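Chain A is the first sequence line, chain B the second, and so forth, proteins listed ahead of strands; every chain is numbered from 1. Owing to the predicted nature of the structure, the values given are computational and were not obtained by experimental measurement.
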4 protein chains.
Amino acid sequence: MVIDATNTRQRILNAAARLFRERGFHATTTRAISEIVGMLSGSLFHHFKSKEQMLFEVMNDAATQLCVKADAVVAAGGDPRTRLRALIQLQLDCLIGEETRDYYAVLIAEWRELDSAAKPALTALRGHYASIWNTTLEDCARAGLLRSDPQVMQFVLHGSINWASTWFKPGGRLSLEDYAQILEDLMLRSGVGAAD
Amino acid sequence: MVIDATNTRQRILNAAARLFRERGFHATTTRAISEIVGMLSGSLFHHFKSKEQMLFEVMNDAATQLCVKADAVVAAGGDPRTRLRALIQLQLDCLIGEETRDYYAVLIAEWRELDSAAKPALTALRGHYASIWNTTLEDCARAGLLRSDPQVMQFVLHGSINWASTWFKPGGRLSLEDYAQILEDLMLRSGVGAAD
Amino acid sequence: MVIDATNTRQRILNAAARLFRERGFHATTTRAISEIVGMLSGSLFHHFKSKEQMLFEVMNDAATQLCVKADAVVAAGGDPRTRLRALIQLQLDCLIGEETRDYYAVLIAEWRELDSAAKPALTALRGHYASIWNTTLEDCARAGLLRSDPQVMQFVLHGSINWASTWFKPGGRLSLEDYAQILEDLMLRSGVGAAD
Amino acid sequence: MVIDATNTRQRILNAAARLFRERGFHATTTRAISEIVGMLSGSLFHHFKSKEQMLFEVMNDAATQLCVKADAVVAAGGDPRTRLRALIQLQLDCLIGEETRDYYAVLIAEWRELDSAAKPALTALRGHYASIWNTTLEDCARAGLLRSDPQVMQFVLHGSINWASTWFKPGGRLSLEDYAQILEDLMLRSGVGAAD
DNA sequence: TATGAATGAGTGTTCATTCAT
DNA sequence: CATGAATGAACACTCATTCAT
């Protein structure tokens with residue numbers, strides 16, 4: 001029924017996300033995806049009209065949830081420092097957390113492989129997410145917290161956060177919270193602002 | 001003669017590097033490479049025994065030059081702050097500079113696609129390069145310059161630098177030197193150390 | 001269902017065997033095989049993972065059936081002369097008979113082209129078949145029937161039989177039975193042994 | 001000069017014959033031939049206009065020499081038994097002898113791969129050679145020596161002789177002369193004829 | 001004559017996708 | 001919905017051959 005169908009769809013998407021992250025979109029065959037799910041390669045196409053559509057849905061799920069969570073951060077309504085810290089933590093958690101990393105890593109790494117027809121929808125989500133960061137960083141700047149230009153700081157932060165997926169080992173000496181704290185300390189002046 | 005031969009090889013490698021960066025290794029066909037060079041697809045194999053070997057040589061060239069330049073920084077022998085700044089600038093220049101970026105971007109992005117047989121050679125170069133960064137950051141830490149743990153700071157710096165290839169526009173408001181300066185300022189305490 | 005599936009596989013194998021015999025393994029293209037079967041070249045690989053596997057299966061089928069038939073000769077249990085005659089007839093029939101010759105000729109002619117990984121399985125069958133000939137010829141020798149050394153006689157017989165595929169014309173003056181009789185007469189002394 | 005040129009030609013032909021025998025015509029690449037000779041693949045074509053021509057010359061050399069030697073047997077003029085024995089020995093020697101086997105094995109095994117344009121010349125030599133065997137075997141029959149039909153006996157003999165290239169080990173228990181004697185004994189009645 | 005670079009046709013094989021059952 | 005068979009276009013790579021130097 002609908003529930004089972006949805007389930008199968010989700011299992012396919014999970015398998016696709018995992019392989020897209022591990023091997024990349026082009027190096028992933030539909031047969032490899034179908035083997036994980038336990039069906040034949042052709043059967044995937046009852047659920048998705050193409051491999052590109054699987055990619056789109058993986059990225060769309062990731063982007064949508066990222067926006068939802070970022071909206072929640074905004075809705076929680078703390079001071080700029082608190083919100084920035086929450087955004088850093090949020091992006092790190094999504095990217096490294098075992099149940100979410102496949103989707104988020106694909107969102108970051110496989111943008112290039114998207115059909116141009118599929119890009120506008122995702123670009124919109126991306127824009128929304130970016131604007132939350134922008135606002136937050138500008139608020140930090142206005143509060144005299146930020147150690148450099150907000151736009152540049154966003155680049156530094158995203159680079160530092162996204163790169164973590166290449167080196168971060170869960171269960172190591174450094175926790176994700178430690179790393180988030182370090183990034184906050186690097187970006188913001190101490191002794192200033194409400195959360196200090 | 002020797003020059004011409006080298007030239008063709010080099011032109012193939014340049015074309016391969018460009019397409020590997022623009023489209024990724026798997027999405028790049030040998031035909032596309034050969035068309036840029038102006039020969040037939042099969043002719044490439046007079047110069048390289050496989051597409052994988054082209055990838056290896058692109059990455060090897062990049063890694064080798066990176067090491068040579070990093071060695072030069074060490075040989076120049078400034079204080080820790082000077083050396084760190086030089087390393088940041090060096091990696092940014094390689095990654096963004098129009099004549100080098102194809103090679104360096106591939107070195108960073110396509111590691112996964114390397115033949116396992118080809119990895120040890122590159123791992124050695126990588127290790128050498130990393131050790132120069134390690135030493136420099138530890139020297140900074142010993143001089144009381146560094147704002148956090150050297151290892152973590154290396155991750156932050158590499159993330160921030162490598163990510164620049166996704167957003168940096170040459171000729172824009174922000175120069176590479178500006179960005180290098182910002183990164184230096186973020187990582188190091190001001191008012192401390194010989195170069196201050 | 002099962003029958004159809006088997007059918008396509010079998011039709012591919014028949015086509016492969018025919019071309020391997022007529023042109024040799026290397027001179028046979030997968031495209032030529034697929035044209036006989038009436039499908040596209042790539043479709044063959046739904047049934048066989050490589051051209052080498054087709055070769056193996058052709059040879060394996062031939063060797064297996066040869067063993068089965070030779071076992072039947074042994075099981076029938078006649079005197080040495082009778083058994084030798086049956087073995088000669090058997091090998092001639094397989095090699096010349098219109099429905100079997102493709103497989104057997106390939107078994108003899110294309111051994112060299114087999115993957116080394118595929119050889120052990122076939123070597124075992126070959127050994128079994130050879131041991132039946134050995135036993136039979138040694139029994140003939142012990143009965144005083146054989147005109148020379150058993151091992152050498154086996155070489156003479158196999159040479160004479162296998163070479164027949166180059167000159168024997170079905171429907172000509174000489175039947176396969178005639179030829180088998182001639183070979184028997186040449187190898188064995190007359191007027192000796194139970195079957196005489 | 002001419003001598004050197006001839007030399008190179010001969011070295012190429014020797015290499016080609018060896019590889020054609022060891023691997024078969026199709027499995028032999030011009031590059032493999034050229035490597036043995038110590039030149040580049042393209043250079044072969046200053047000496048032979050095609051790979052097929054190399055094959056033709058290998059086979060032509062073999063067939064010509066075989067005829068020359070068979071003619072000598074005839075010219076020596078012994079009785080039928082002596083001549084038959086000499087022909088058997090001759091063909092065995094050519095096929096197994098270390099300095100000649102490459103050429104003769106190719107003559108037997110690669111007939112199929114010849115250009116149809118090249119066949120008539122070789123067919124003529126083949127015919128000449130066959131006619132010497134025919135005459136000799138018919139002489140044996142007329143002398144009451146032959147144990148069966150001359151034509152069939154020729155097939156048996158050629159099969160037995162040619163097959164020897166698959167099993168004969170020089171330096172083993174059985175010499176080529178032993179084997180020739182066995183074949184003679186099998187084909188001819190003893191106690192009859194001048195050489196007995 | 002030999003080289004080294006290139007050609008061009010062809011090779012075995014892959015793979016996303018379709019579709020009758 | 002899933003299967004199993006097939007498609008068709010593309011792919012990396014091979015190889016006999018050519019040719020300017």
Next on the checklist: Given F:dC13, F:dA16, E:dT13, identify the nucleotide with an atom nearest to the side chain of C:S50.
Outcome noted: E:dT13

Item to check | Donor-acceptor pair, side chain of D:R11 and main chain of D:V37, under 3.5 angstrom | outcome: yes

Checklist entry - Rounding to a whole Å, what distance do you find between B:I12:CD1 and E:dA5:C1'? => result 10 Å

Next on the checklist: Do C:D115 and C:F56 have side chains that approach each other closer than 4.5 Å (heavy atoms only, starting at C-beta)?
Outcome noted: no

Checklist entry - Does C:T30 use its side chain to pair, donor to acceptor, with the backbone of C:S41 at less than 3.5 Å? => result no

Next on the checklist: Going by the rule salt bridge (charged side-chain N to carboxylate O under 4.0 Å, His left out), which residues pair with B:E57 if we only count those two or more places apart in sequence or in a different chain?
Outcome noted: B:R9

Checklist entry - Roughly, in whole Å, what's the span from NE2 in A:H26 to P in F:dC11? => result 10 Å

Checklist entry - Does B:H47 make a side-chain N or O approach to OP1 or OP2 of E:dA6 shorter than 4.0 Å? => result yes

Next on the checklist: Near DNA chain E, counting only heavy atoms under 4.0 Å, which residues of residues 32-42 of chain D show up?
Outcome noted: D:M39, D:L40

Checklist entry - For B:F48 and E:dA6, what is the distance between atoms CZ and C1' respectively, to the nearest whole Å? => result 15 Å

Next on the checklist: Whole angstroms only, please: what is the CD-P distance between B:E113 and F:dA12?
Outcome noted: 13 Å

Checklist entry - Contact class for D:T29 (heavy atom, under 4.0 Å): base, sugar-phosphate, or nothing? => result sugar-phosphate

Checklist entry - Rounded to the nearest 0.5 Å, what separation is found between the CG atom of A:L44 and the CD atom of A:Q53? => result 11.5 Å

Item to check | Of B:T28 and D:F45, the one whose closest DNA chain F nucleotide lies more 5' | outcome: B:T28

Item to check | Side-chain (A:S165) to main-chain (A:L95) donor-acceptor, under 3.5 angstrom | outcome: no

Checklist entry - Given atom CZ of B:R31 and atom P of E:dG10, what is their separation to the nearest angstrom? => result 13 Å

Checklist outcome for this item: The answer to which of C:T30 and B:H46 contacts DNA chain E further toward the 5' end, by nearest nucleotide, is B:H46

Checklist outcome for this item: Atom CZ of D:F25 and atom P of F:dC15 are separated, to the nearest Å, by 13 Å

Item to check | D:T28 side chain to D:R23 backbone, donor-acceptor under 3.5 Å | outcome: no

Checklist outcome for this item: By nearest-nucleotide position on DNA chain F, the 5'-leaning member of C:S43 and B:M54 is C:S43

Item to check | Rounded distance in Å - CZ (C:R9) to C1' (F:dA6) | outcome: 16 Å

Item to check | B:L44 or C:K51, whichever maps to the more 5' nucleotide of DNA chain E | outcome: B:L44

Next on the checklist: Please check this pair: side chain of B:K51 against backbone of B:F25, looking for a donor-acceptor N/O pair closer than 3.5 Å.
Outcome noted: yes

Next on the checklist: Using only atom types and a distance under 3.5 Å, with no angle test, would you say the side chain of C:S43 pairs donor to acceptor with the backbone of C:M39?
Outcome noted: no

Next on the checklist: Nearest 0.5 angstrom please: C:M59 CE to C:M54 CE, how far?
Outcome noted: 15.5 Å

Checklist outcome for this item: Output field dot_bracket for DNA chain E (Watson-Crick or G-U, both distances under 3.5 Å, | for other-strand pairs) contains .||||||||||||||||||||

Next on the checklist: Tell me the interatomic distance from D:L19, atom CG, to F:dC15, atom P, rounded to whole angstroms.
Outcome noted: 13 Å

